[in-house]
Amino acid sequence: MRRVGSAEYSFVRTLMIINVWWIGCFAYKSPLKAARVMKELLVRHRKLLGKTKHVRAVRNQGRYYWDIFNPGWPSRSFNSFFKNQLHEVVPISGATTSLRRMLIAITKKCPLNCEHCSEGATLNNADILSYDEMKSRIQEFVDRGVGQLVYSGGEPLNRFNDLLLLLNDFRKDCDQWIYTSGYGLTLEKARQLKAAGLNGAAISLDHHDEEKHNLFRRNGKSYKWVMEAIANCKVAGILPSLNVCPTREYVNSNGLEEYMDFARTLEIPVVTILEPRSVGNYADRSVEFTLNERQKVMELNNRYNFTKSLFEYPTIVYPGGFRNQWPCGGGRSYLFLDYDGKLYPCPFCKVNVRDVSLTTVACQAS
C-alpha cells in the first residue's frame with residue numbers, strides 16, 4: 001500500500017476517465033453520446049466535491065483507490081460499478097438498474113453493544129438466513145451488475161466461514177469490503193480473507209483516546225482489537241480504512257483534528273466520518289449534527305482533501321456533507337440487505353423495498 005502523488009494520480013485519473021468513456025461507447029453504441037454522458041458525470045462529480053480532485057489516491061495490490069465507496073481501478077468490478085452510474089445519468093437501453101453497491105448484514109452476532117449501534121434491539125438474536133439463502137439473495141444483484149459488496153452485521157467476522165465462502169463466490173465480479181470492529185481479526189484470518197477475495201476493511205475507531213473509544217464501544221478490549229486488525233490487514237494486503245461516528249461533543253472540541261493526526265501515524269489512507277443518527281441505541285436522543293457542526297466537519301473534509309501540504313494525511317469521506325449537493329443514494333445507487341433477507345434503502349431507513357426493480361426509493365434518513 002502506498003500513497004499516490006500528483007503526477008501519477010493525474011495520469012491514472014485520466015486513464016480511469018477514458019475507461020469509463022469506453023464503457024459508455026459500448027453501452028450507448030455511440031462515442032459522442034458516451035462523451036456527453038461522461039461530461040455530465042464529471043460535472044456532477046465536481047459539484048459534489050466542490051473541487052476537481054483530491055490531492056491523493058492510494059495504490060494497493062495493483063489497484064488504485066480514492067475512497068472506500070468506489071471499486072479499485074482497474075477491475076471488472078470498477079467497470080460494472082460505473083456502467084450502472086452512467087445508466088443513472090442517462091438510461092442505457094436494456095439496463096435494469098443503477099444499483100452500484102450493496103451493504104449486507106450477514107449476522108446479528110456481535111461482542112460489542114456500541115453507544116450508537118443502529119441494530120441494538122436485535123444484537124445476538126438468532127441468524128435466520130442460511131449461507132445458501134444469503135448467496136442466492138446476493139447473486140440476483142450481482143447478476144444485474146452491482147460492483148461492490150460490503151459485509152457488516154453485527155460483526156461479520158462472527159460468521160467467518162460463511163464470510164469466506166461469500167467472498168470467494170463473488171471475487172471475480174465485485175469489489176468486496178467488510179465493516180468490522182476488528183474483533184478476532186488475527187493475521188491468519190486476515191490472510192484467509194485476502195485469499196478468499198477481500199479487498200478492504202473499514203475498521204471502526206470512534207475516538208483517538210483508548211479509554212474513550214472503549215467506553216463508546218462498551219468493551220475494554222475494543223481499542224486493542226482495532227490496532228491489531230489494522231496491522232494484520234496491512235501485512236495480508238487488505239486495504240485498511242477507519243470509520244468514525246463522532247459525537248457532537250467530539251466535533252465541537254476539535255477532537256477530529258486529533259483523530260486525523262492519529263490516523264496519520266497509523267498510515268491509514270481513508271477516514272470515513274459517519275453522522276450519528278437517532279435510531280437504535282440512539283433512538284429519541286439529540287445526537288444528530290446541527291448545521292454548524294455539519295459545516296465544521298465539511299470544512300475539515302475540504303482542508304484535508306484539497307490541501308497539498310497535508311498529503312501525508314488520510315483522505316476524508318463525509319457522506320453526510322453532500323446532502324445539499326446530491327440526494328441520498330439509498331434505494332437509488334445502493335441497497336441494504338439485512339440478516340433476515342429484507343431489503344431497505346439503507347441501514348437507518350427501514351422502509352421495506354419489496355420490488356427489487358425499484359431504484360428510486362426515497363430514503364427517509366436523508
Side-chain angles (χ1 to χ4, degrees), residues 1-2 4 12-13 15-17 19-20 22-23 41 45 54 57-88 97-106 134-135 137-153 156-157 163-180 185 190-203 233-234 236-243 268-272 314-315 317 319 329-330 332-337 346-347:
M1 180 185 72
R2 65 174 176 83
V4 175
V12 170
R13 184 175 179 274
L15 293 179
M16 183 192 73
I17 291 171
N19 185 168
V20 177
W22 189 245
I23 294 168
L41 186 60
H45 180 74
H54 293 155
V58 62
R59 188 174 189 271
N60 190 63
Q61 301 287 302
R63 295 184 183 181
Y64 292 87
Y65 295 85
W66 281 257
D67 57 39
I68 73 169
F69 295 121
N70 293 278
W73 180 88
S75 66
R76 185 172 173 176
S77 53
F78 177 95
N79 294 345
S80 296
F81 187 95
F82 278 94
K83 181 180 179 181
N84 284 351
Q85 189 162 26
L86 291 173
H87 178 62
E88 185 177 322
T97 182
S98 60
L99 291 171
R100 306 192 294 276
R101 179 188 309 110
M102 287 201 70
L103 179 61
I104 305 152
I106 65 172
M134 187 166 295
K135 177 188 174 183
R137 200 77 172 99
I138 299 169
Q139 185 71 59
E140 62 182 293
F141 293 97
V142 174
D143 289 343
R144 298 170 67 193
V146 166
Q148 186 182 51
L149 303 176
V150 182
Y151 303 99
S152 67
L157 294 176
L163 176 59
L164 289 179
L165 291 173
L166 291 170
L167 289 169
N168 193 63
D169 289 332
F170 303 114
R171 61 183 303 158
K172 293 182 180 179
D173 299 300
C174 297
D175 208 64
Q176 299 185 94
W177 284 68
I178 55 172
Y179 282 175
T180 178
L185 190 45
R191 285 175 168 154
Q192 290 181 61
L193 289 166
K194 180 61 183 177
L198 184 66
N199 299 101
I203 304 165
C233 283
K234 289 180 179 179
I238 297 168
L239 186 65
S241 72
L242 289 178
N243 282 353
I268 293 295
V270 179
V271 168
T272 301
T315 293
V317 180
R332 188 185 71 254
S333 60
Y334 65 85
L335 283 175
F336 172 57
L337 176 65
C346 78

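Being a predicted model, the structure only gives us computed values, none of them experimental.
- The closest side-chain heavy-atom distance from N199 to L239 is not below 4.5 Å.
- Residues forming a ring pair (Phe, Tyr, Trp, His ring centres under 6.0 Å) with Y151 (at least two apart in sequence, or on another chain): none.
- Checking side-chain atoms of N60 against main-chain N and O of G237 turns up a donor-acceptor pair under 3.5 Å.
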Steps toward side chain to side chain contact (heavy atoms under 4.5 Å, CB included) verdict (F141, L337): CA-CA 11 Å; F141 293 97; L337 176 65; 5.8 Å; no
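- Side-chain atoms of S77 and Q148, non-hydrogen and from C-beta on, never get closer than 4.5 Å to each other.
- Two residues are said to be in side-chain contact when any heavy atoms from C-beta on lie closer than 4.5 Å; T315 and V58 fail this criterion.
- Smallest separation of non-hydrogen atoms from L198 and Q176: CD1-O, 3.3 Å.
- Inter-residue side-chain proximity for Y334 and R100 is flagged as unmet; no heavy-atom pair is nearer than 4.5 Å.
- A tilted orientation is assigned to the rings of Y64 and W73, their planes being inclined by 30° to 60°.
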Stepwise side chain to side chain contact (heavy atoms under 4.5 Å, CB included) check, I68 with Y179: CA-CA 11 Å; I68 73 169; Y179 282 175; 4.1 Å; yes
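- Here D67 pairs with F69, N70, V317 under the side-chain contact (heavy atoms from CB on, under 4.5 Å) rule; sequence neighbours left out.
- At least one donor-acceptor pair under 3.5 Å links the side chain of N84 to the backbone N or O of G145.
- Scanning for side-chain hydrogen bond (donor to acceptor under 3.5 Å, both in side chains) contacts around S241 gives an empty result, with sequence neighbours left out.
- Residue L193 holds its CG atom at 9.0 Å from OG1 of T180, rounded to the nearest 0.5 Å.
- The heavy-atom pair separating M134 from I106 by the smallest distance is SD-CG2, 3.4 Å.
- Here the shortest heavy-atom pairing between L99 and L335 reads CD1-CD1, 3.6 Å.
- Using a 4.5 Å cut-off on side-chain heavy atoms (C-beta onward), L242 and V270 make no contact.
- Evaluation of the salt bridge (charged side-chain N to carboxylate O under 4.0 Å, His left out) rule for R63 yields D175 as partners, not counting sequence neighbours.
- Residues A105 and G153 approach most closely at CB-O, 3.9 Å, considering heavy atoms.
- Scanning for side-chain hydrogen bond (donor to acceptor under 3.5 Å, both in side chains) contacts around S152 gives an empty result, with sequence neighbours left out.
- In this structure R191 satisfies the salt bridge (charged side-chain N to carboxylate O under 4.0 Å, His left out) test with no other residue, sequence neighbours excluded.
- Applying the side-chain hydrogen bond (donor to acceptor under 3.5 Å, both in side chains) rule to Q85 yields no partners; only residues at least two apart in sequence or on another chain are considered.
- Q139 meets the side-chain hydrogen bond (donor to acceptor under 3.5 Å, both in side chains) test with D143; sequence neighbours excluded.
- Contacts of R101 classified as salt bridge (charged side-chain N to carboxylate O under 4.0 Å, His left out), with partners at least two apart in sequence or in another chain: none.
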Derivation and outcome, side chain to side chain contact (heavy atoms under 4.5 Å, CB included), residues M1 and R59: CA-CA 6 Å; M1 180 185 72; R59 188 174 189 271; over 6 Å; no
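- With sequence neighbours excluded, the residues satisfying side-chain contact (heavy atoms from CB on, under 4.5 Å) with A190 are L185, N232, A236, I238.
- For S80, there are no side-chain contact (heavy atoms from CB on, under 4.5 Å) partners, not counting sequence neighbours.
- Considering all non-hydrogen atoms of both residues, P74 and G62 come closest at CD-O, 3.9 Å.
- No side-chain heavy atom of N243 sits less than 4.5 Å from a side-chain heavy atom of I203.
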Show the atom names and distances, to 0.1 Å, of all donor-acceptor pairs under 3.5 Å that link a side chain in residues 166-174 to residues at least two apart or in another chain.
{"unit_1": "D169", "atom_1": "OD1", "unit_2": "Y131", "atom_2": "OH", "d": "3.4"}
{"unit_1": "D169", "atom_1": "OD2", "unit_2": "Y131", "atom_2": "OH", "d": "2.5"}
{"unit_1": "R171", "atom_1": "NH1", "unit_2": "A195", "atom_2": "O", "d": "2.5"}
{"unit_1": "R171", "atom_1": "NH1", "unit_2": "A196", "atom_2": "O", "d": "3.4"}
{"unit_1": "R171", "atom_1": "NH2", "unit_2": "A195", "atom_2": "O", "d": "3.4"}
{"unit_1": "D173", "atom_1": "OD1", "unit_2": "R76", "atom_2": "NE", "d": "3.3"}
{"unit_1": "D173", "atom_1": "OD1", "unit_2": "R76", "atom_2": "NH2", "d": "3.1"}

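- Using a 4.5 Å heavy-atom cutoff, the side chains of V150 and I104 are not in contact.
- Within the 4.5 Å cutoff, side-chain heavy atoms of F78 are placed close to those of V20.
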